[in-house]
There are 2 protein chains.
Amino acid sequence: MNDGWNPYDRNCPSRRVLDRIGDRWTVLVVGALADRPLRFSEITKRVDGISQKMLTQTLRGLEQDGLVTRTVTAAVPVRVDYELTPAGHSLRTPLKALEDWAFEHMVPILQARERYAETAS
Amino acid sequence: MNDGWNPYDRNCPSRRVLDRIGDRWTVLVVGALADRPLRFSEITKRVDGISQKMLTQTLRGLEQDGLVTRTVTAAVPVRVDYELTPAGHSLRTPLKALEDWAFEHMVPILQARERYAETAS
DNA sequence: CGGAATCCTCGTGGATACTG
DNA sequence: CAGTATCCACGAGGATTCCG
């Protein structure tokens, strides 16, 4: 049922998918689009620190995987909206679970990190 | 309740935690340790493609965050076991949800990817 | 406004060799 | 066995400029 693949094998299909999802920006962009479609510039504002190059790249990847749709409205200036597909929305559930985990555990984790930093000479 | 932080802000605590989790190797190493404690060399074998440098680095990070414990057994040769802490185990739940999602959606996603590759001249 | 193209710089991370 | 220490290459990704 797994086609003989082992999830820890670098070429395992599910791992190839996971590699895209695990991407730093992908998680944040999907999160930004969770509520409603957004324009390119709106996403830029929401996701702090992302460059327009990375945003373009991330969106192309999501589009390529069928997780986001790109809609161009001809006008001057041009308007482009990005929206999660049903599959994209379904990704929010596990992603949200991860964010919740991070939020719940961040205090002890950040404390442990600082303690570690002090110990290290 | 969020200390005024916005999750998309680069300095938001939960995002700082997420950055570690989002790491390519971290997910795989935590997964490898899910069932039982493992020795260094055992993890190397399980996680295909990881170099010993990256494994060391990843383990140090997890140790630093209190998600993994490192136990040294003095002997010749030395034996070192790595084990998930309770916090580390709790991370498995959201991670598993993500893996499941990847497995469920991989077929259409990989197909969409190929279609995209063909279209592009 | 929403990019594409170019340049250039860091850091990631692999390969190798050596050590307790 | 389980690392540490170096060296090095490559690619991610930022800054900038230009275009439809």
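Just so we're on the same page: letters track the sequence lines, and every chain starts at 1.
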Next on the checklist: It should be established whether B/Arg39 places a side-chain nitrogen or oxygen under 4.0 Å from OP1 or OP2 of nucleotide D/dA2.
Outcome noted: yes
Item to check | Full working for side chain to side chain contact (heavy atoms under 4.5 Å, CB included) between A/Met106 and B/Arg15 | outcome: CA-CA 9 Å; A/Met106 67 181 183; B/Arg15 180 163 153 185; over 6 Å; no
Next on the checklist: Does C/dC1 have its OP1 or OP2 closer than 4.0 Å to a side-chain nitrogen or oxygen of A/Tyr82?
Outcome noted: no
Next on the checklist: Ignoring hydrogens and geometry beyond distance, is a side-chain donor-acceptor pair present between A/Trp101 and B/Ser90 at under 3.5 Å?
Outcome noted: yes
Next on the checklist: Both A/Met54 and B/Phe40 contact DNA chain D. Which one's nearest nucleotide lies toward the 5' end?
Outcome noted: B/Phe40
Checklist entry - Of the nucleotides D/dT4, D/dG14, C/dG3, which has the atom closest to the A/Thr56 side chain? => result C/dG3
Item to check | Phosphate-side-chain proximity, A/Arg70 and C/dG2, N/O vs OP1/OP2 below 4.0 Å | outcome: no
Next on the checklist: Whole angstroms only, please: what is the CZ-C1' distance between B/Arg79 and C/dG20?
Outcome noted: 18 Å
Item to check | Inter-residue atom distance A/Leu18.CG - B/Leu98.CG, 0.5 Å rounding | outcome: 5.5 Å
Checklist entry - If you find the nucleotide of DNA chain C closest to A/Lys53 and the one closest to A/Leu59, which residue's nucleotide is nearer the 5' end? => result A/Leu59
Checklist entry - Could you state the CG-P distance from B/Leu55 to C/dT12, rounded to the nearest angstrom? => result 17 Å
Checklist entry - OP1 or OP2 of C/dG2 sitting under 4.0 Å from any side-chain N/O of A/Ser41? => result yes
Next on the checklist: Among A/Thr26, A/Thr58, A/Asp65, which residue satisfies the side-chain hydrogen bond (donor to acceptor under 3.5 Å, both in side chains) criterion with A/Arg20?
Outcome noted: A/Asp65
Checklist entry - To the nearest angstrom, how far is B/Asp23 atom CG from C/dG11 atom P? => result 17 Å
Checklist entry - Does the base of D/dT4 carry an N or O that pairs as donor and acceptor with the side chain of B/Gln52 under 3.5 Å? => result yes
Checklist entry - Between B/Gln57 (CD) and C/dG13 (P), how many Å, whole number? => result 7 Å
Item to check | Nearest-Å distance for atom pair CG/P, residues B/Leu38 and D/dC1 | outcome: 15 Å
Next on the checklist: I need the CD-C1' distance between A/Glu63 and C/dG2, as an integer number of Å.
Outcome noted: 13 Å
Checklist entry - How is B/Arg60 classified with respect to the nucleic acid when contacts are heavy atoms under 4.0 Å: base, sugar-phosphate, or nothing? => result sugar-phosphate
Checklist entry - A/Glu42 CD to C/dC1 C1': how many Å, rounded? => result 12 Å
Next on the checklist: Quick test of your reading of the model: are A/Glu42 and A/Lys45 salt-bridged, counting only N-O distances below 4.0 Å?
Outcome noted: no
Checklist entry - CD1 of A/Ile43 versus P of C/dC1: gap in Å, rounded? => result 14 Å
